[in-house]
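One structure is given below, encoded as structure tokens.
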Amino acid sequence: MNFGLFFLNFQPENTSSETVLDNMINTVSLVDKDYKNFTTALVNEHHFSKNGIVGAPMTAASFLLGLTERLHIGSLNQVITTHHPVRIAEEASLLDQMSESRFILGLSDCVNDFEMDFFKRQRDSQQLQFEACYDIINEAITTNYCQANNDFYNFPRISINPHCLSKENMKQYILASSVSVVEWAAKKALPLTYRWSDSLEDKEILYKRYLDVAAKHNIDVSNVEHQFPLLVNLNHDRDVAHQEATAYLVSYVAEVYPHLNQQQKIAELISQHAIGTDNDYYESTLNALERTGSKNVLLSFESMKNHDDVVKVINMVNEKIQKNLPSS
């Protein structure tokens, strides 16, 4: 089991963007220096609202890579359908070089119809566009060159500079944004990052579909390690943890799930993440990891208001990881 961080970078009411970004920077710096059992940090992409104020996760990752020495850092969900794939490949190769292979490339299809329209992409061919973008990016990273002649891109063979050091070894993850994306990922044995706001039942359905498609196509996915994002807000007072998490989630849930019962969706998220007291989450989290085939756990402490409490919880989690490590 591997542990890391992920950052949504919500900007709650009466909070400045500087404070939100400083919290991310400070947490990453702290963990990189003092908590060796955490190995990764990934940044979420979101547009056009304060429910995620980083629209360029690879740019944020580049800053964090320059700030740190040990952590592997990258994008949680770099959207490729609405960006030019050559540009993404160039940035990924550059970050791979400059970080000495500490960069992680987490990729995603677009999950928002408004963004598809805003960036002038066709919804009726979205899956095909996503696959075409990935093929260009992957060819560029693994061979240092790429070319395209399809319905979406047409350009001659070009060199991606600087060339990628990691090539086939660069860590790639695919956001489990839809059944079709999960089916496609299974055929390539690419690991998934589950969407943090999906219900556990939906995550499990996607995992089972992944296994079914892999088996049907004789793809060995026994060593594929999926990623499970987990919101964390632990407090000796359960009500405080629930109140802080609710305040953090309410705007996002209203934006992303406008047709659902808001209170029920927030209650679902609180029940399925590590929110409450130290006794509320352990067994349920282990169950969730097992039901989704997840070997990597990504933690977000962003809903916690008190930084000292965040440090205490990181200490506690780190100690639990240490206790469960196999003895040498």
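Keep in mind that this is a model prediction, so the values were computed, not measured. The analysis underlying the following values was restricted to heavy atoms, covering all of them including side chains, and did not include hydrogens, waters or symmetry mates.
Members clustered with I160: V86, L128, I136, F152, Y153, F155, I158, by chain and number, using a 4.5 Å side-chain heavy-atom cutoff among hydrophobic residues.
Within the 3.5 Å criterion, the main-chain N or O of N77 finds no donor-acceptor partner in the side chain of S75. Judged purely by atom type and a 3.5 angstrom limit, E139 has no side-chain atom pairing as donor or acceptor with the backbone of C146.
For T246, the side-chain contact (heavy atoms from CB on, under 4.5 Å) criterion is met by I266, I270, not counting sequence neighbours. With sequence neighbours excluded, no residue satisfies side chain to side chain donor-acceptor pair (under 3.5 Å) with Y207. Q126 meets the side-chain contact (heavy atoms from CB on, under 4.5 Å) test with T81, D109, C110, M116; sequence neighbours excluded. The side chain to side chain donor-acceptor pair (under 3.5 Å) check on H47 picks up E45, with sequence neighbours excluded. Under the salt bridge (Lys or Arg N to Asp or Glu O under 4.0 Å) criterion, K265 pairs with E268, sequence neighbours left out. With sequence neighbours excluded, the residues forming a salt bridge (Lys or Arg N to Asp or Glu O under 4.0 Å) with E183 are R209, listed by chain and number. Under the salt bridge (Lys or Arg N to Asp or Glu O under 4.0 Å) criterion, D113 pairs with R123, sequence neighbours left out. Not counting sequence neighbours, E90 has no partner by the salt bridge (Lys or Arg N to Asp or Glu O under 4.0 Å) test.
Screening residues 19-28 for side-chain hydrogen bond (donor to acceptor under 3.5 Å, both in side chains) gives S16-T19 as the qualifying pairs, with residues at least two apart or on separate chains. Residue pairs that meet the ring-ring contact (aromatic ring centres under 6.0 Å, His included) test with at least one member in residues 124-144, sequence neighbours left out, are F130-W184, Y134-W184. The list of ring-ring contact (aromatic ring centres under 6.0 Å, His included) pairs with a residue in residues 256-285, not counting sequence neighbours, is empty.
Atom CZ of F118 is surrounded by 12 or fewer heavy atoms from other residues, nucleotides or ligands within 6.0 Å.
Looking at N144 and K167, their side chains do bring a donor and an acceptor atom within 3.5 Å of each other.
In the hydrophobic clustering of ILVMFWY residues, with side-chain heavy atoms under 4.5 Å counting as a link, L71 and I314 come out together.
Taking the six-membered ring where the residue is Trp, F38 and F3 present perpendicular rings, their angle passing 60° and hence far from 30°.
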